[in-house]
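Each remark here refers to the structure printed beneath this line.
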Amino acid sequence: MKLFTPHWGSTSVKLADLLKSQEKQDLVYSAYSLHLSVSETLKTNDFAETLAKEILTSANKWVGGLPQYDLMFLSKLVDAGPNNFVEEPNLLPVSMLQLSSIIICEECSDEKECRRFMICDELREAVAPYVHAELHSEENAQRFVFEKYVLGLMNLYGAVTVVDIFSLLSNFSKKEITDDTIMKRSFGKSLFLHRYIQDEESATGLSMFSFVSPYLFDYNSLKKSMDKRPELEDLKSFSEEEVCAAGDILSPQIPCPYNNALKEYLVTHLACSEPQARNMILMFWYFIQKEETDLLSLIYTLVEDKPHSDDLQELMTLFINYSNHSPRWYLNGYSPNEIKELNQN
């Protein structure tokens, strides 16, 4: 998505003109994300015109499928009114709207590390009749819970099949994730889950659907790492509380006994704010999902612009302990330390 310069800072701009400034591949992805049918054979400008028409005339269909965060974000944009921005701390990688082609986005000034967002008038008028009702509907409240737990599983395993999702959720207590009717309805309506689906051929030759974490950008590389360990057939079991915490869309909490100690050190010794410390740990967690990651280089890269003493041994030890005890996608959710213990038994 392009960040628009200030001359775009008027909500009177037409949605079609906004879309015409985007690359064709971004427009195709926006159509796919909103589950709108637009022929990819169209040239860029024609595709933009058609997509704009579909977005505006089908708002009653796609608005109701947005995840909770995006519905709340869209309601802020609607309530802001013409020519008013909504400020957010930064781009949220898992937001369907913030990274779409239909939102006007500008960087804040250098003094403020944030982004400013707004929507054009005709889009606001199209979604306004639906956004608040959908945000507070009982059916969507059930879907929001379901999506949070599924996102937790996606983040803990990297990729998880539909069959495994239903099996894993059946062990938990909430009706939103155990009731068959509610789950199937949530699956069918969720644009968020539709966005992260991966279709592949199983060993039996049948099509098998998996849902991949929003933080997983190289599914094939993960599959290759997993294929090197055919003996790892079972997924690690996580508690309901751990799955729920890992499904926090704003700040996933990955279960690791060294999480709090590492966060406290970053705050007290590296002058990080709590959000900065959480983000640094989340970034570290993401990069160690790649089997070939050089831990020492990664740690130095993360802390190179932070004030710290010359002796980094304690910090290195905390990061390495976190790494050894943190779930890995290529280990079916087990940590390296747990795999070591399993091999010794």
Side-chain angles (χ1 to χ4, degrees), residues 1 15 19 22 25-38 40 47 50-78 88 91-103 105 117 119 123-124 126-155 159-160 162 165-166 169 176-177 181-199 209-217 219 247-250 252:
M1 180 194 73
L15 180 60
L19 296 179
Q22 297 288 326
Q25 62 184 20
D26 294 327
L27 297 177
V28 170
Y29 187 69
S30 290
Y32 171 79
S33 295
L34 298 177
H35 219 167
L36 298 174
S37 179
V38 180
E40 294 186 32
F47 192 99
T50 305
L51 178 58
K53 181 179 179 180
E54 285 294 313
I55 289 171
L56 296 174
T57 59
S58 303
N60 61 319
K61 297 178 181 177
W62 62 264
V63 169
L66 292 174
Q68 185 177 25
Y69 174 85
D70 282 300
L71 273 172
M72 293 174 65
F73 179 59
L74 188 59
S75 70
K76 291 179 186 178
L77 292 168
V78 169
E88 292 290 317
L91 289 170
L92 184 65
V94 295
S95 170
M96 295 186 63
L97 292 181
Q98 286 187 14
L99 297 179
S100 74
S101 303
I102 67 175
I103 302 294
C105 175
F117 301 91
I119 54 175
L123 179 57
R124 180 186 304 101
V127 302
Y130 312 107
V131 61
H132 292 293
E134 294 288 359
L135 180 59
H136 299 292
S137 78
E138 181 179 353
E139 181 177 309
N140 275 338
Q142 295 174 334
R143 177 170 60 84
F144 298 152
V145 173
F146 180 75
E147 286 177 338
K148 183 173 186 177
Y149 277 80
V150 174
L151 176 59
L153 295 174
M154 291 155 64
N155 286 338
V160 58
V162 174
I165 285 176
F166 277 83
L169 294 181
E176 292 90 346
I177 54 175
T181 301
I182 293 176
M183 287 198 293
K184 288 181 178 179
R185 184 174 62 214
S186 296
F187 258 126
K189 191 174 182 181
S190 175
L191 291 178
F192 181 75
L193 296 181
H194 169 76
R195 180 186 186 185
Y196 294 110
I197 197 167
Q198 180 80 32
D199 184 12
F209 293 101
S210 294
F211 290 92
V212 301
S213 169
Y215 298 94
L216 173 58
F217 297 103
Y219 179 71
D248 188 322
I249 195 170
L250 293 175

Could you grab the distance from atom [atom1] of [X] to atom [atom2] of [Y], nearest 0.5 Å is fine?
X: D70; Y: I249; atom1: CG; atom2: CD1; answer: 6.5 Å
X: M183; Y: T181; atom1: CE; atom2: OG1; answer: 9.0 Å
X: K53; Y: L36; atom1: NZ; atom2: CG; answer: 13.0 Å
X: I103; Y: L123; atom1: CD1; atom2: CG; answer: 6.5 Å
X: L77; Y: I102; atom1: CG; atom2: CD1; answer: 9.5 Å
X: K189; Y: N140; atom1: NZ; atom2: CG; answer: 4.0 Å

Exercise for review: Decide yes or no on ring pair (Phe, Tyr, Trp, His ring centres under 6.0 Å) for F211 and F187, but give the supporting numbers first.
Suggested key: CA-CA 11 Å; F211 290 92; F187 258 126; 5.4 Å; yes

Exercise for review: Might you point out which heavy atoms bring A59 and V127 nearest each other, and give the distance in Å?
Suggested key: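 Closest pair (atom of A59, atom of V127, distance): CB-CG1, 4.1 Å.
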
Check your understanding: Which pair of heavy atoms, one from L151 and one from G247, lies closest together, and at what distance?
Key ->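 Taking every non-hydrogen atom into account, CD2-O, 3.5 Å.
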
**Study point:** Pairs satisfying side-chain hydrogen bond (donor to acceptor under 3.5 Å, both in side chains), at least one member in residues 145-154, at least two apart
**Key:**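 Sorted result for residues 145-154: R143-E147, E147-S190, Y149-E240.
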
Is [Y] close to [X] at the side-chain level, that is, under 4.5 Å between some pair of heavy atoms?
X: F144; Y: L71; result: yes
X: I182; Y: R185; result: yes
X: V150; Y: I177; result: no
X: S213; Y: V160; result: no

Practice item. Apply side-chain hydrogen bond (donor to acceptor under 3.5 Å, both in side chains) to Y130 and list each qualifying residue two or more places apart in sequence or on a separate chain. Key: none

Review point. Who pairs with H194 by ring-ring contact (aromatic ring centres under 6.0 Å, His included), at least two apart in sequence or on another chain?
Key: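 With neighbours one apart ignored, the set is Y32, H35.
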
Practice item. Kindly write out the residues that satisfy ring-ring contact (aromatic ring centres under 6.0 Å, His included) with F73, not counting sequence neighbours, or none if the list is empty. Key: F117

List the atom pairs, donor and acceptor, that lie under 3.5 Å between side-chain atoms in residues 60-68 and the rest of the protein, sequence neighbours left out.
from, atom 1, to, atom 2, distance (Å)
W62, NE1, I55, O, 2.9

Exercise for review: Please assess M154 against L216 for the test side chain to side chain contact (heavy atoms under 4.5 Å, CB included), listing each intermediate value before the final yes or no.
Suggested key: CA-CA 9 Å; M154 291 155 64; L216 173 58; over 6 Å; no

Point to revise | Qualifying residues under salt bridge (Lys or Arg N to Asp or Glu O under 4.0 Å), relative to E54, sequence neighbours excluded | key: none

Point to revise | Evaluation steps, side chain to side chain contact (heavy atoms under 4.5 Å, CB included), between V162 and I197 | key: CA-CA 10 Å; V162 174; I197 197 167; 5.6 Å; no

Review point. Can you tell me if S33 uses its side chain to pair, donor with acceptor, with the backbone of S30 under 3.5 Å?
Key: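 Here the side-chain-to-backbone pair does not exist.
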
